[in-house]
Amino acid sequence: MEEAKQKIENLRKEIENWNYQYYVLAQPVISDFEYDQKLKELEQWEAEYPEYYDPNSPSQRVGSDINKNFVQVEHTYPMLSLSNTYSEEEVTDFYNRVKKTLNEDFEIVCELKYDGASISLIYENGSLKRAVTRGDGLRGDDVTSNVRTIQSIPLRLQGNDYPNFFEIRGEILLPWAVFGRLNEERIAAGETPFANPRNAAAGTLKTQNPQIVAQRKLDSYLYALLGENLPYNSHYENMETARKWGFKVSNAVKKCTVLQEVFEFIAYWEVERKNLPIATDGIVLKINSLRQQANLGSTAKSPRWSIAYKFQAESAETKLISVDFQVGRTGTITPVANLEPVLLSGTIVKRASLHNEDIINKFDVHIGDLCYVEKGGEIIPKITGVNKEVRIHIGEKVRFVRYCPACGTQLVRPKGEAAHYCPNHSSCPPQIKGMIEHFVSRKAMNINAGEETIQLFYDEGLIKNVADLYEIRREDILRLERWKEKSANNFLVSLEASKKVSFDRVLYALGIRFVGETVTKRLVKAFPDIDRLMNATYEQLIAVDDIGEVIAQSVRDYFSTESNCELIRRLRSYGIQMATEEELLTEKTDILKGKTFVISGVFSEHSRDEYKDLIEKNGGKNTGSISAKTDFVLAGENMGPAKLEKAQKLGIKIINEREFLAMI
Ligand code: IVH
């Protein structure tokens with residue numbers, strides 16, 4: 001027993017150290033493979049000795065428990081905000097104010113201002129006790145189980161010189177790369193992309209399922225230590241010490257004594273920040289001495305010993321040429337501004353989002369206006385305003401369209417939403433093409449047909465919906481210009497292969513609004529075949545983890561539309577998977593009632609025992625030898641010749657495994 005405890009403890013320590021090297025120092029010391037092996041070993045030991053369970057074990061980072069509602073927790077010290085400055089003059093004013101109040105020498109620590117979600121972490125006896133969001137500054141949400149999944153946050157500390165009880169604050173960040181991928185997924189799923197990594201990080205922290213948090217690969221930087229028995233009387237030295245305990249503390253810090261050094265730091269990072277993997281929006285200046293901090297004090301909103309210097313958001317000014325209204329695959333109408341090309345953070349921008357009707361009206365946008373363009377979260381350019389001072393002659397006012405620019409249907413704007421939709425989902429051309437493109441995409445049915453092919457098939461009248469794809473014949477394609485035997489083959493083979501694509505991907509492929517990859521998985525788990533999903537009530541849907549009102553309603557709307565049900569009926573008739581594999585194998589029916597089977601030979605899709613099981617589950621009977629009472633012989637490879645002859649003589653139907661599976 002003691003030995004097991006020791007073993008588990010050693011493994012935990014070893015893995016914690018590797019985590020620190022990898023996630024905090026960014027200096028991996030072992031291969032991913034070795035790491036995974038060690039983690040597996042630890043998991044095995046822990047499974048065998050559950051009495052040594054520890055929520056802070058590195059094995060617990062994947063997250064498992066679902067916490068529907070966050071508990072509100074009061075902050076020991078209020079989480080204040082910082083007053084913002086935008087110019088060197090304002091920074092100079094701050095410096096002079098501090099100098100006047102303190103009337104002695106002081107040091108200023110310059111740090112980066114990380115643009116994520118702020119977090120307060122409580123450690124007791126070297127273990128993470130609680131993680132709380134900022135909330136309203138006085139009380140926040142307890143998001144401990146989500147924070148536990150963040151690899152750069154130590155669950156247990158290194159060394160032994162930390163106070164028994166302390167708080168450390170910092171920022172939870174979603175790296176740019178993860179942000180980009182996440183938004184691609186959301187766009188593919190017809191969901192609204194996150195505007196910037198800060199929203200994405202905050203949204204992720206509030207996700208009800210820690211497993212999703214774990215997948216998103218959040219990161220952290222810690223920047224403030226609070227408590228009674230801190231190691232030093234100064235901020236900079238305390239943070240250096242916290243780094244030794246295992247926290248990710250940025251190296252982008254500088255202790256300054258004169259203003260010139262502060263300005264140098266600002267000038268350097270104003271440029272260099274663009275090379276960082278995470279978002280920053282300014283510099284934070286802090287008086288280093290804790291005694292001097294206390295002397296300066298705080299207002300109700302922000303400390304007097306610290307300010308933020310905000311970077312200018314990169315913005316450009318350019319002329320609005322025209323506005324297009326684009327129709328997305330789920331019918332969302334996006335107003336897109338066509339602009340005179342302009343250089344913005346290193347790329348030429350010609351088009352930018354004009355958001356929605358309310359914003360167009362608020363900006364009072366006219367054709368020919370000089371507009372401000374910014375990169376939304378530095379990725380999707382957006383119009384952020386209009387320079388009205390330089391309007392020479394006013395062009396036509398931009399008005400949101402009332403009818404779908406593609407099909408002419410009157411648009412709808414659901415209550416409480418900012419977006420307009422074209423409700424003609426079944427015959428609006430860009431929606432149809434968008435739906436089909438989504439259906440064939442790699443993560444969905446993986447059919448070999450690009451945008452141009454879909455357009456061509458559509459224009460030629462071959463397809464009007466996704467089910468039509470399965471009606472396309474070789475001769476239909478070979479008639480088309482530039483289509484040869486080889487390309488036709490590629491398409492048809494991939495079409496055939498798509499019939500084996502698993503049910504969760506089929507469901508994703510249907511392109512139901514708000515049903516992306518993650519939601520699909522949740523739905524399939526709760527409703528493992530299409531009939532159950534189609535019959536699920538709104539209440540049954542919202543009872544599923546991570547399925548909220550909006551998603552539940554969208555699923556209901558989809559399945560209560562007759563054309564969608566017809567589509568599914570057709571897809572099913574072409575052999576598309578409409579249930580999970582497990583479901584097919586465990587479902588009980590009486591399809592084979594009264595039928596007697598003899599199994600013979602070797603099978604490839606399932607074992608003999610599995611086939612016996614399937615026969616019984618579906619109401620049939622297994623017998624060992626062929627007689628006049630046998631209805632079917634289920635024949636695999638190498639069926640004995642004597643049996644074959646007997647079956648043939650008695651006129652018994654011989655079927656292969658594919659035929660059998662089709663029967664059930
Ligand atoms: S110190 C009392 N340091 O900015 C001041 N904050 O506008 C405590 N932030 O809520 C904050 N980087 O979320 C500090 N290096 C940094 C920071 C930082 C980002 C955020 C933090 C805070 C907000 C204030």
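Indexing begins at 1, ligand by ligand and atom by atom, following the structure's order. What you see is a predicted model, and the numbers here were worked out from it, not measured in a lab.
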Side chain to side chain donor-acceptor pair (under 3.5 Å) test vs Arg216 passes for just one of Asn146, Thr149, Thr204, namely Thr204
Using 4.0 Å as the upper bound for N to carboxylate O, is an ion pair formed by Arg291 and Glu104?
yes
Using a strict 4.0 Å threshold on nitrogen-to-oxygen distance, state whether Lys310 and Glu90 make a salt bridge.
no
Which distance, rounded to the nearest 0.5 Å, do you find between the NZ of Lys129 and the CD of Glu124?
4.5 Å
Lys/Arg-Asp/Glu bridge criterion (N-O < 4.0 Å) met for Arg243, Glu240
yes
Residues in the immediate environment of ligand 1 (any heavy atom closer than 4.0 angstrom):
Ser81, Leu82, Glu111, Leu112, Lys113, Tyr114, Ser118, Glu171, Tyr223, Val284, Lys286, Pro303
NZ/NE/NH1/NH2 to OD/OE distance under 4.0 Å, Glu374 and Lys382:
no
